[in-house]
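See below for the structure under consideration.
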Amino acid sequence: MKDCALVVVDMLYDFIDGSMACKNASQAVEKTMDFVDRMTSEELDGPDVIEAGFPILFVCDHHPKNHCSFKEQGGEWPAHCVEGTRGAEIHSDLKPYSRPELTFLKGRDPMKEQYSGFGALNAGGQSLGEVLDLMDIKNVYVCGIATEYCVRNTCEDLKKAGFTLYLLKDCLGYVSYEGHLEALAAMDKEGIRL
Ligand code: VGL
Ligand code: ZN
């Protein structure tokens, strides 16, 4: 347990019930809560679980209004996860488990798409990869939205950096079911454990 952590990718309202609502997203949040409950001791709750040895790190898509990935800017997606909006917020069931130093924002540069959470930054300017290293984490459980994009890219970068990856298969939201299955198959081949 000591060298394990959970990384929650983009469990944000725009991906759950907002402008980019993904399939299975609400169920993924519910299953993630079940997992968190199982991994944390009964009498501990909220931020205390981090002290109990099972840190939970959050990756959050967090775009300026004029981000290049938005359709109005010629990009691929409807506007989503705009800073300061509800759509950019962590689901309220998970929010109590988040803390600023373990919350990492990505996609802040208006000119750059950033699917991977690996280089996402916390309020102190440290990246997810850096903080996992500092915490001596070896095993990383991953859940989140969307399987095909941010989850896959985050898992692949963490794997390349030498972490052992466990993807929580029931705790994923996705853009399309076929894309989800394809991404799972690809990650399986790469040694990411499902
Ligand atoms: C994502 C598309 C655009 C994701 C983020 O979290 O998978 N997908 N921005
Ligand atoms: Zn985005």
Side-chain angles (χ1 to χ4, degrees), residues 6-32 56-95 97-98 102-122 127-129 140-160 165 167-188 190 192 194:
L6 171 65
V7 171
V8 178
V9 178
D10 288 354
M11 285 193 152
L12 311 171
Y13 282 111
D14 268 339
F15 294 120
I16 297 165
D17 63 11
S19 63
M20 282 186 63
C22 286
K23 299 189 171 121
N24 202 54
S26 306
Q27 295 91 317
V29 172
E30 264 177 52
K31 296 281 187 188
T32 299
I56 305 175
L57 300 87
F58 288 83
V59 169
C60 300
D61 215 32
H62 202 80
H63 297 308
K65 272 206 305 269
N66 62 341
H67 192 256
C68 63
S69 74
F70 297 171
K71 279 182 182 146
E72 311 88 272
Q73 316 292 327
E76 183 178 359
W77 308 109
H80 62 276
C81 302
V82 173
E83 52 196 6
T85 66
R86 173 183 178 272
E89 279 171 31
I90 297 169
H91 189 283
S92 62
D93 290 352
L94 287 162
K95 183 73 187 167
Y97 294 91
S98 70
L102 298 183
T103 300
F104 302 83
L105 307 182
K106 64 178 172 63
R108 305 205 73 186
D109 182 340
M111 303 306 286
K112 260 199 235 140
E113 180 58 286
Q114 187 180 15
Y115 287 142
S116 175
F118 187 74
L121 300 177
N122 67 10
S127 72
L128 174 70
V140 183
Y141 295 84
V142 178
C143 65
I145 314 168
T147 315
E148 306 100 302
Y149 298 97
C150 292
V151 172
R152 178 174 180 180
N153 281 276
T154 302
C155 284
E156 289 179 344
D157 283 350
L158 287 169
K159 179 84 172 73
K160 277 183 216 149
L165 269 288
L167 187 58
L168 303 176
K169 213 167 48 148
D170 299 329
C171 303
L172 299 171
Y174 35 84
V175 175
S176 86
Y177 186 60
E178 299 75 53
H180 164 76
L181 292 181
E182 223 172 274
L184 288 184
M187 286 189 273
D188 186 31
E190 292 160 3
I192 292 160
L194 304 179

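Counting begins at 1 with the first residue of the sequence. We count ligands from 1, going down the list as the structure has it; atoms in each ligand are counted the same way.
- Not one N, O or S atom of Cys81 sits under 2.8 Å from the Zn ion (ligand 2).
- Sorted by chain and number, the residues within 4.0 Å of ligand 1 by heavy atom are Asp10, Phe15, Met20, Asp61, Trp77, His80, Tyr115, Ile145, Ala146, Tyr149, Cys150.
- Asp61 contributes OD2 as its N, O or S atom closest to the Zn ion (ligand 2).
- The side chain to side chain donor-acceptor pair (under 3.5 Å) pairs that include a residue from residues 172-188 are Thr147-His180, where partners are two or more places apart or lie in different chains.
- Using a 4.5 Å heavy-atom cutoff, the side chains of Val175 and Tyr149 are in contact.
- Within the 4.5 Å cutoff, no side-chain heavy atoms of Ile56 are placed close to those of Ser98.
- In summary, His80 places an N/O/S atom under 2.8 Å from the Zn ion (ligand 2), meeting the contact criterion.
- Side-chain contact check for Asp10 versus Phe58: every heavy-atom pair is 4.5 Å or farther apart.
- With His62 contributing its side chain and Cys81 its backbone, the two residues share no donor-acceptor pair below 3.5 Å.
- Looking at heavy atoms from C-beta onward, Cys143 lies out of side-chain contact with Val9 at the 4.5 angstrom threshold.
- Put simply, the side chain of Ser19 gets close to the backbone of Ala79: a donor and an acceptor are under 3.5 Å apart.
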